[in-house]
Amino acid sequence: MTEADRLDTLLKETRTFMPSQAFKNQANFADPAIYEQAANDPEAYWAAQAENLTWFTKFTKTLEWNPPHAKWFSDGTLNATYNAVDRHREGIRKNKAAIIWEGEPGDSRVLTYDMLGREVDRAAHMLKSLGVGKGDRVAIYLPMIPELPIAMLACAKIGAIHTIVFAGFASTSLKDRILDADAKLLITADAGYRRGNIVPLKQNADEAVEGTNVEHVLVVTRVGEKANTTWHEKDVSWHDLMAKTPTTPFPAEPMNAEDILYILYTSGTTGKPKGIVHTTGGYLVGANTSMRSVFDIKDSDVYFCTADIGWVTGHTYIVYGPLSAGATTVMYEGAPDFPDRDRLFAIIEKYAVTILYTAPTSIRTFMKWGPSYIDQHDVSTLRLLGSVGEPINPEAWMWYHVHIGKEHCPIVDTWWQTETGCAMIAPLPGLMTTKPGSATRPVPGISVDVVDENGVSVGPGNGGYLVITKPWPSMLRTIWGDDERFKKTYFGKFEGIYLPGDGAHLDEDNYIWILGRIDDVINVSGHRIGTMEVESALVEHESVAEAAVIGRSHDVKGQAIAAFVTLREGIASSDELVKELKQFVSTKIGAMARPEEIYFTAELPKTRSAKIMRRLLRDIAEGRALGDTTTLADPSVVESLKQQYQEKES
Ligand code: WT7
């Protein structure tokens with residue numbers, strides 16, 4: 001489906017789904033007045049929500065707003081791990097399952113709040129013994145194993161800043177992030193499991209730490225002998241050191257609400273990823289509130305978010321959100337089709353999961369596989385479904401509703417970003433009538449609008465830029481080490497108004513329909529990749545002179561990466577070279593950045609001022625009629641490209 005077709009389908013969607021009386025009756029947020037109350041006084045709303053956390057020193061100031069810099073709860077002190085773990089150990093939840101972990105090979109582990117707390121305390125002692133203290137950066141490059149949340153919670157307990165790098169990233173990407181954050185410790189594993197294969201991590205880690213200030217590499221053994229790990233001087237075994245550390249409680253470091261909890265890198269429009277900075281108090285209030293409002297979390301729930309903790313979805317909705325709410329969170333290590341395509345549904349049945357949170361790309365994959373994999377299992381425990389990462393097409397929404405939700409589960413389509421920290425536009429499932437394909441309206445306490453080029457509201461029935469018009473607790477505070485870029489990227493277009501970079505349409509009921517990125521950012525299977533990052537990787541290859549990268553519509557992934565490459569003088573194009581270049585990008589950035597298609601071209605379509613016309617490249621890659629070509633310096637360039645595309649298709 002092309003972009004235009006997709007838009008057409010979206011705007012024609014008229015179905016509506018009201019929450020059932022049964023759901024309404026039990027919802028955490030059941031009074032519709034909350035929307036108006038929060039809109040009238042957002043600060044009072046957030047201050048009230050903040051009462052759900054345990055503060056060491058209660059804040060007296062709610063918000064200080066010096067656009068574009070916000071401080072929330074700035075004279076309060078608290079600790080994220082105390083809120084996520086320890087406070088639950090002191091009461092009735094002490095022996096409740098905090099994390100249910102399912103390993104890919106079939107091993108599993110349940111950590112109660114008390115067990116998790118003891119592990120975290122030991123890990124905190126261990127970090128301290130390695131010289132890590134408050135404010136130090138710790139890079140974490142781990143697969144989805146229990147040591148990942150244990151490591152992050154241990155950092156938070158001592159006040160160290162974690163920066164988690166998704167384990168699918170290549171060594172260069174890891175190194176860039178270690179350098180930018182100036183991490184002094186790296187926590188990694190010997191290897192991980194993926195679809196039954198062993199994925200080496202330690203090797204990447206070894207390459208990444210060279211020439212950085214990393215003093216130690218703390219290594220978790222996940223795979224063991226088969227990982228064939230080479231140990232180096234800087235390496236310390238997680239397990240050996242854990243065995244030597246005291247088992248005494250580790251006192252939670254009182255943190256100022258505005259102290260940094262973590263940095264998480266995400267792609268932007270340049271080749272250099274942005275280190276998104278989240279603070280302790282505001283972030284935790286956002287994560288905790290949305291867990292109760294959007295996800296309607298209850299003590300009786302078994303909540304399963306299928307994301308990886310290496311992305312923000314996992315930070316907020318596998319770790320800090322559910323744990324701060326005292327919930328049971330399921331984490332799965334591996335691929336959804338290992339050993340078979342029913343794996344996620346087998347997990348839902350095994351643990352009697354009640355809330356499932358996944359991505360449209362997964363739903364479309366399940367659609368492709370067919371409902372038989374679901375029907376092998378009892379998924380009747382499910383009561384609420386969530387979607388995140390990219391626009392969900394109405395067809396996938398309906399399929400989710402019918403085949404997984406069995407027509408009785410509300411669906412919360414949650415729009416948010418690494419930068420926003422928590423869900424911003426999403427229905428409250430007991431209050432909001434949903435429409436397939438729309439994330440509906442902002443959650444209480446959040447103000448959004450759709451505006452034109454001049455920042456003027458477009459009003460119902462029109463499209464434009466999505467903006468967030470007021471500060472919110474879990475907003476990013478800055479870009480690590482680059483406040484100028486922070487100001488320019490997010491507040492440069494409209495003063496004091498946050499620009500997420502998404503296009504949106506507002507319908508007659510003031511529902512928001514997200515149309516996708518309006519900048520040079522591609523969204524592949526819900527993962528953000530900058531066109532420039534892929535282009536920079538490609539031109540590093542000795543055969544490549546120039547490269548232009550675009551995202552084109554893809555039925556399952558949402559978007560796929562297509563690269564247009566000009567080769568150096570004397571280099572001939574070949575199928576081998578296509579393979580080599582794809583692999584090259586994969587090794588440089590990570591497998592998720594691997595181009596789906598590579599087109600060789602003698603020249604790239606450029607305007608007379610030498611600007612690459614990406615829109616035309618997108619038209620070509622999506623097999624569309626070419627748009628306006630009159631501004632091209634050399635119109636014949638696109639014709640030959642188009643021909644090449646058509647030959648490939650036939
Ligand atoms: C971008 C943020 C936040 C978790 C995962 C991605 C797109 C995200 C939705 C949604 C339409 C969505 C936007 C956004 N996006 N959720 N429900 N509907 N689009 O985080 O990597 O920071 O990417 O993902 O384009 O800007 P991220």
Side-chain angles (χ1 to χ4, degrees), residues 3 6-7 10 164 166 168-169 263-269 273-278 283 286-287 290 294-295 305-321 357-364 385-394 396-397 400 411-427 434-443 448 450 465-468 474-476 479 489-490 498-505 511-530 533 551 557-559 590 592-593:
E3 225 29 55
R6 199 172 64 78
L7 188 58
L10 266 186
I164 303 180
F166 171 60
F169 275 114
I263 305 169
L264 182 60
Y265 286 85
T266 189
S267 295
T269 49
K274 305 177 277 196
I276 303 302
V277 171
H278 280 295
Y283 172 77
S290 51
V294 177
F295 292 102
C305 166
T306 66
D308 192 291
I309 294 175
W311 307 110
V312 76
T313 308
H315 280 61
T316 306
Y317 294 116
I318 297 179
V319 182
Y320 289 113
Y357 190 28
T358 194
T361 186
S362 310
I363 299 163
R364 290 191 296 263
L385 305 175
S387 172
V388 65
E390 50 172 318
I392 181 166
N393 45 312
W397 196 103
Y400 199 20
I411 296 180
V412 288
D413 174 8
T414 60
W415 177 89
W416 59 296
Q417 311 179 294
T418 307
E419 291 88 338
T420 70
C422 71
M424 307 293 284
I425 304 174
T434 55
K435 303 183 185 186
S438 169
T440 73
R441 294 202 203 159
V443 298
V448 311
V450 181
Y465 298 98
L466 179 71
V467 291
I468 307 175
S474 65
M475 68 191 283
L476 80 163
I479 292 173
T489 309
Y490 304 110
Y498 175 85
L499 181 78
D502 280 23
H505 177 91
Y511 275 49
I512 289 157
W513 301 75
I514 305 288
L515 306 175
R517 303 289 308 188
I518 48 166
D519 52 12
D520 290 329
V521 170
I522 309 177
N523 187 327
V524 183
S525 303
H527 300 310
R528 221 201 277 189
I529 294 157
E533 282 174 83
K557 299 177 183 177
Q559 284 192 304
M592 67 282 191

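The residues of the chain are indexed from 1 along the displayed sequence. Read the numbers this way: they start at 1 and go in the same order the structure lists the ligands and their atoms.
Of the protein's non-hydrogen atoms, the one nearest atom 9 (C) of ligand 1 is Glu390 N, 3.5 Å. For atom 5 (C) of ligand 1, the nearest protein heavy atom (residue, atom name, distance) is Thr313 OG1, 3.4 Å. At the shortest separation from atom 25 (O) of ligand 1 among protein heavy atoms lies Asp502 OD2, 2.8 Å. When only non-hydrogen protein atoms are considered, atom 6 (C) of ligand 1 lies nearest to Gly526 O, 4.0 Å. Looking only at heavy atoms of the protein, atom 11 (C) of ligand 1 is closest to Pro391 N, 3.1 Å. Protein heavy atom in closest approach to atom 23 (O) of ligand 1: Arg528 NE, 3.4 Å. Trp416 O, 3.7 Å is the protein heavy atom nearest to atom 2 (C) of ligand 1. Closest to atom 16 (N) of ligand 1, if we only count protein heavy atoms, is Gly389 N, 3.1 Å.
In terms of N/O distances under 3.5 Å, ligand 1 is approached by Gln417.
Of all the atoms in ligand 1, the ones that sit under 4.0 Å from a non-hydrogen atom of Asn523 are 7 (C), 24 (O). Contact atoms of ligand 1 toward Thr414: 9 (C), 10 (C), 16 (N), 17 (N) (distance under 4.0 Å to a heavy atom of the residue). Against a heavy-atom cut-off of under 4.0 Å, Ile514 is close to the following atoms of ligand 1: 11 (C), 19 (N).
Residues forming a side chain to side chain contact (heavy atoms under 4.5 Å, CB included) with Thr418 (at least two apart in sequence, or on another chain): Leu264, Thr266, Ile276, Val312, Arg528. Applying the side chain to side chain contact (heavy atoms under 4.5 Å, CB included) criterion to Asp502, with sequence neighbours excluded, gives Trp415, Gln417, Leu466, Ile514, Arg517.
Residues Thr414 and Tyr357 bring a donor and an acceptor atom of their side chains to less than 3.5 Å of each other.
The aromatic rings of Tyr498 and Tyr490 lie parallel to each other, their planes meeting at an angle below 30°, with 60° marking the opposite boundary.
At a heavy-atom cutoff of 4.0 Å, ligand 1 is contacted by no atom of Ala439, backbone or side chain.
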